[in-house]
There are 2 protein chains.
Amino acid sequence: MNAVPPTAAHTIRALSALAQEHRLAAFRLLVQAGPDGLPAGELATRLGLPASSLSFHLAQLANAGLVEARRQSRSIIYTAALPAMNALLGYLTENCCGGLPCDVAAACCEPEEARGAA
Amino acid sequence: MNAVPPTAAHTIRALSALAQEHRLAAFRLLVQAGPDGLPAGELATRLGLPASSLSFHLAQLANAGLVEARRQSRSIIYTAALPAMNALLGYLTENCCGGLPCDVAAACCEPEEARGAA
DNA sequence: TCGATATTTCCATATTTATCGAATCGTCGG
DNA sequence: CCGACGATTCGATAAATATGGAAATATCGA
């Protein structure tokens, strides 16, 4: 169903989805929550947003393929779609480096520094 | 002057800057152009945009720190600010992985696949 | 200094995006 | 079946963004 090569249009949708205070915050919470995810209501509480506003934002993230929703009883649980995030980063680095050995690619591929510092 | 740790607000500015058809296209052209960059007029021609519109978009990219401008005679030459792009990607992966060994980090750090395919 | 060129700034307008209450839909417990 | 709960959809309004012509700014060549 997925694994579609990210087009420019798709990339813009993903960037737009992330380029908003509440959505970026929501996405980060979901990433931290891991595979278990979080119910919409919990996100609304933590972000201090009315349910309808949050629902609007979650729809954007879902439309961009950055989050996935599953119903669990009355709640709807959202999880971050890491592969989609992965694809976005891949597209950005690809288009940034375009096969050339630029420092963006280099910096992105240095596990020692990136991991060791933490 | 730069090398500021990217805040969430700064990240949103960068994402917003990139999350627009013409700006993403302009940025990609600048990346391809490399350190020599391209004059504003050339970008306007290639993108088929009126000068004033392009100027507006370039201002956004510059404000986000993603491009730099230098005057050369009558033209103003724009270049992609790779370090800023680098920082953006770093922020996204950091916040995506948060120190955890998630597959985004893994996928991002596989030079063989990413480079070999091209 | 004058005219031509390259770009930006200004301004009005059009389009898109965000916000949130109210109404609606699906699910559960009794 | 009914009331409550969790969430989305709808709709109206507010705010932010994009667009492009006209005017202003800066630089160059003669």
Side-chain angles (χ1 to χ4, degrees), chain A residues 8-30 33 36-81, chain B residues 8-30 33 36-81:
Chain A
H10 186 266
T11 299
I12 288 176
R13 229 178 309 153
L15 288 171
S16 299
L18 254 20
Q20 209 277 350
E21 182 187 353
H22 301 315
R23 287 196 293 265
L24 184 59
F27 184 74
R28 288 178 60 181
L29 283 177
L30 289 179
D36 289 349
L38 288 172
E42 177 65 21
L43 282 171
T45 301
R46 292 207 204 173
L47 296 173
L49 288 176
S52 62
S53 295
L54 181 73
S55 193
F56 167 76
H57 290 307
L58 287 174
Q60 310 257 332
L61 287 168
N63 177 254
L66 290 168
V67 303
E68 279 160 13
R70 67 175 195 273
R71 177 178 284 275
Q72 179 180 301
S73 164
R74 263 171 290 195
S75 298
I76 292 185
I77 312 284
Y78 283 87
T79 51
Chain B
H10 187 268
T11 299
I12 286 176
R13 229 179 309 151
L15 288 170
S16 299
L18 254 18
Q20 209 278 349
E21 183 187 354
H22 302 313
R23 287 196 295 264
L24 183 58
F27 184 73
R28 288 178 60 181
L29 284 176
L30 289 178
D36 290 349
L38 289 172
E42 177 66 22
L43 281 171
T45 302
R46 293 208 203 173
L47 295 173
L49 288 177
S52 62
S53 295
L54 181 74
S55 192
F56 167 77
H57 290 307
L58 288 174
Q60 309 256 333
L61 287 168
N63 177 253
L66 289 168
V67 303
E68 279 161 14
R70 66 175 195 273
R71 177 178 283 275
Q72 178 180 301
S73 162
R74 262 170 292 195
S75 298
I76 292 184
I77 313 284
Y78 283 88
T79 51

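So that the names make sense, note that chain A is the first sequence line, chain B the second, and so on, each numbered from 1.
- Listed pair A:Gln20 / C:dT19 meets the phosphate criterion, a side-chain N or O lying under 4.0 Å from OP1 or OP2.
- Taking atom CG of B:Leu58 as the reference point, atom P of C:dT9 lies 11 Å away to the nearest angstrom.
- Closest approach to the A:Pro50 side chain among C:dT8, C:dG21, D:dG20 is made by C:dG21 (side chain taken as heavy atoms from C-beta onward).
- Between the B:Arg23 side chain and the B:Ser16 main chain, a donor and an acceptor come within less than 3.5 Å of each other.
- For B:His57, the side-chain atoms get nearest to D:dT19 when compared with the rest of D:dT19, D:dA7, C:dC20.
- Proximity of A:Leu61 to A:Leu18: side-chain heavy atoms (C-beta onward) are separated by under 4.5 Å at one or more points.
- Residue contacts shown for A:Ser53 include a base, since a base heavy atom lies under 4.0 Å away.
- Between A:Leu47 and A:Ala25, the shortest heavy-atom contact is CD2-CB, 3.7 Å.
- Side-chain N/O atoms of A:Ser52 and base N/O atoms of C:dG21 include a donor-acceptor pair closer than 3.5 Å.
- A straight line from CG of A:Leu54 to P of D:dT9 spans 12 Å, rounded to a whole angstrom.
- Residue A:Ser73 places none of its side-chain N or O atoms closer than 4.0 Å to OP1 or OP2 of D:dG6.
- Separating the CZ atom of A:Arg23 from the P atom of C:dT17 is a distance of 9 Å, rounded to the nearest angstrom.
- For B:Arg74, the side-chain atoms get nearest to C:dA6 when compared with the rest of D:dG20, D:dA7, C:dA6.
- Atom pair B:Leu61:CG and C:dT7:P shows a separation of 16 Å (rounding to whole Å applied).
- The shortest side-chain heavy-atom distance between B:Leu30 and B:Leu66 does not fall under the 4.5 Å cut-off.
- Atom CZ in B:Arg71 sits roughly 5 Å away from atom C1' in D:dA26 (whole-Å rounding).
- Nearest nucleotide to the side chain of A:Ala40, out of D:dT19, C:dC20, D:dT8: D:dT8.
- Taking every side-chain heavy atom of B:Leu49 into account, D:dG20 is the closest of D:dG20, D:dT27, D:dA18.
- For the pair B:Ile12 CD1 and D:dA16 P, the interatomic distance rounds to 14 Å; values are reported in whole Å.
- Put simply, OH on B:Tyr78 is 15 Å from P on C:dA6, counting in whole angstrom units.
- One atom, CZ of A:Phe56, and another, P of C:dC20, lie 12 Å apart when rounded to the nearest Å.
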Item to check | Test side-chain contact (heavy atoms from CB on, under 4.5 Å) applied to B:Gln72 and B:Arg70, step by step | outcome: CA-CA 6 Å; B:Gln72 178 180 301; B:Arg70 66 175 195 273; 4.1 Å; yes
